[in-house]
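Since the structure comes first, as C-alpha cells, the remarks are kept for the end.
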Amino acid sequence: MTFTPPPAVTTRPTLTGTFGMSASTHWLAAATAQAVLERGGNALDAALAAAFVLHVVEPHLNGPGGDLVALFATADDPTPVVLAGQGPAPAAATREHYLAEGLELVPGAGALAAAVPGAVDAWLLLLKDHGTWELADVLAFAIGYAEDGHPVLERVCATIRTVAGLFAEHWPSSAERWMPGGRIPEPGELIRNPAYAAVLRGLIAAGDEATSRGGATTREERVEAARTEWATGLVAREAAAFARIPHRHSPGTDHAGVIAESDFAAFRATYDPATTLEFRGWTIAKTGAWGQGPALLETLAILDGFDDDRLDPSTELGAHTILEAQKLAYADRDAYFGDARVPVDELLAPGYIAARRSLIGERASAEFRPGRIAGAEPFLPPLRTAYEPPAAEAIAGTGEPTVARDGTTRGDTCHLDVVDRWGNIVSATPSGGWLQSSPTIPALGFCLGTRLQMTWLEEGSASTLAPGKRPRTTLTPTLVLRDGVPVTALGSPGGDQQDQWQLLYLLRTLVGGYTPQQAIDAPALHTTSLAESFWPRTWVPAGAVVESRLGEEVIAGLEARGHVVTRAGGWTLGRLSSVGRDPETGVLSAAANPRGMQGYAAGR
C-alpha cells in the first residue's frame, strides 16, 4: 500500500445492510428517505421525499426556486442518466440589458440573477417516470415540517443574522418571513412555512382536480398535472410579478428582475446522457459540460498517468500533484464549458491529456493555462484578485453558507444519496433559491435563485449570458460503476469545490483502499486558482485551501513549492455523503460527513 494509512477510528461507521441506505446533508432528509424505503417506496421515491424536506429544513442551502442535478440508474437499466433540473436564462435576460443597467457582472443576489427554477419540475419528472408513490404521499413529509414546524438549525439562524440588516432595510418580505417582529429565531426553535406548504398542497390538488374531471386516470397523469400547475399556475404568476418590483442587488444598486410567466411555462426538465471516463477499472459518470462534471473526469485522466504515490492527498507530493492537475482541468472548464457544443471528447483524448500532464512540474503554477483544441478558441475570463464594489467577505474553504451582509452567497448547496435493495440508485445535488438569494415571495414562502451569476457578460464564452441558455452550473453529483453496474453514488455541496472534494474520495477509495467513511473523514484540500463561479468571480493565483489536519510538514512542503496556502481549520472542508451497493452480494453501504454535525446516513 503506497497511500497514507487511514485513521484507525472514524467519526461514524460505514453503515452496511441489505435493505436500503440513505445519506444526506441533514439528518431529517436521510431519515425521511429511509422512512419511504421502509414503507415500500423505491430509491427514487425516497430521494424525492427527502429533497422536498431539504427545501424546508435547509432553506439557507436550497429552495424550490432553485436548481437540481441528479444522476441515477434503475434496477431495470444500469445505464447512468442525468436528471437535468437546471433552468435557463429568461427570454429577457440579455447581456445588453444587464450592461445597460450598469453591471459588469451578473449580480450574486437579487432577481436579475434568477434562472428559471428547475428543481421542482425535475423531481416531478423523475417521480412520474421512475417513482411508484402518489405525489401526496411523497410530499407529506415536507408538508408536515412546513405546517407543524421543525427545529431550526443553528446555521440557518447564523445566516439570517448575517443578512438581517439587508432584510430589515431592503427586503421587507424576507424580514417578515425569517425575522417576524424583528427577532432572529433561536437554534432549535420550531419554525414553520405555511405558504410553501400551501404551494405543495396546490400541486397535489392539481392532480386530484384533473382526476375528478376525468382527465387524469393514472398516477403519471396526476403528476403531469402537478407539473403543469407549477409551470403555469400560482408559482409562475406570483414569482414573475414580485420579481418585477425593483429591489437591492449584491452590487448595492436596485434593479427589477426580468423573469416572466412565459419563462416558467416554456421550461420542462429533461434527461441527459452521462459523460463517462474509465479510471483504474472503474467508470466515473458525470454531467455534460453544461455542468462542471467533466472537469473531474479530466483531472482523473491527468492523474491516471502517475504512479499511486502521486495520488495520495495526504502527502506533499500527492497534494501538489492533485492541485496542479485540478488547475489545468478547471482552466479548461472556464475556457470551454457551457450550454453549447463543447469538445469534451477532445478534452479527454489521450494525446491532449498527456500534453496537459506534462505541464505539471515541481513548483506550483500561478498561471491560468487552458489547453488548445483544434477549431475551438479558448475563452479567457477576466481574472480579478479583487472586485469593487466591495466583494463578499471571504470565508476560506467551506461548503456551508458563506454569506456577506449584502446577501451574496457562495457554495450554498445540499446533497442526498439513496440506494435500495433492488438496485435503484440516485445521487442528487439540489441547490439555489437560498433564503438569502433574493427577496421572499410572500404568497409562496420562498425566493428565486441566483444561478445566472455563473454566466459572463463578456462575449465569446460558451457561458456568456444569453436568453434560453442554461448557466454552467456547479452542481455535480457522481455515479461510479464497475463492469457496467452502478456501485457508488456520492456528492457534496461546495460550489467550485464539489468535484475537488469528490476527487479526494475517489482517489482514497478506488486507489488507496479506504472505506467510504474513512475517505470522508480524511483531511481535505482544494485549489482556489480558478475563476470562481460565484459573484464576484475572483481568483487566487496558486491558491490552495487545506484542513490543518493535513499536517504542518505537508503544508510547509506545499508552501515551499509555491502554493499560497490558507489553513481552514481541522474539520471544515467538504460535506460529502455516499451510498453503495455490491452487485455480487447485494450488500449496501452508506457514509456521511461529520463536519458541521449535520449530515447523517441511515440504513439497514
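As a basis for the values below, the full set of heavy atoms in this structure was taken, side chains included, without hydrogen atoms, waters or symmetry mates.
- No cation-pi contact links Arg472 to Trp290, judged by a cut-off of 6.0 Å to the six-membered ring centre and 45° from its axis.
- A donor-acceptor contact closer than 3.5 angstrom links the side chains of Glu58 and Gln598.
- Side chains of Thr10 and Gln517: a donor-acceptor N/O pair is absent below 3.5 angstrom, by distance only.
- Under a 4.0 Å N-O distance rule, the pair Asp272/Arg470 qualifies as a salt bridge.
- Looking at Asp496 and Ser533, their side chains do bring a donor and an acceptor atom within 3.5 Å of each other.
- Side-chain N/O atoms of Ser577 and Asp417 include a donor and acceptor closer than 3.5 Å.
- The aromatic rings of His130 and Tyr271 stand perpendicular to each other, their planes meeting at an angle above 60°, with 30° marking the opposite boundary.
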Test Gln500 against Leu503 for side-chain contact (heavy atoms from CB on, under 4.5 Å), laying out the working first. CA-CA 5 Å; Gln500 298 195 57; Leu503 172 70; 5.7 Å; no
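- Between Thr276 and Lys286, the side chains place no donor N or O within less than 3.5 Å of an acceptor N or O (distance only, hydrogens not considered).
- Under a 4.0 Å N-O distance rule, the pair Glu324/Arg356 does not qualify as a salt bridge.
- Glu298 and Arg333 are not joined by a salt bridge, as no carboxylate oxygen comes within less than 4.0 angstrom of a charged side-chain nitrogen.
- No hydrogens or angles considered: nothing links the side chains of Thr2 and Asp309 as a donor-acceptor pair under 3.5 Å.
- At a cut-off of 3.5 Å, with distance as the only test, a side-chain donor of Thr476 or Asp499 sits close to an acceptor on the other residue.
- Taking the charged nitrogens against the carboxylate oxygens, Glu547 and Arg595 do have a contact shorter than 4.0 Å, which makes a salt bridge.
- Side-chain atoms of Thr299 and Gln326 form no donor-acceptor pair, as typed in the model, at a separation below 3.5 Å.
- Using modelled atom types, one finds a donor on one side chain and an acceptor on the other under 3.5 Å when comparing Tyr352 with Asp332.
- With a 6.0 Å radius and a threshold of 12 heavy atoms from other residues, nucleotides or ligands, Asp308 has its CG atom above the threshold.
- The neighbour count for Glu584 CD, taken as heavy atoms of other residues, nucleotides or ligands under 6.0 Å away, does not exceed 12.
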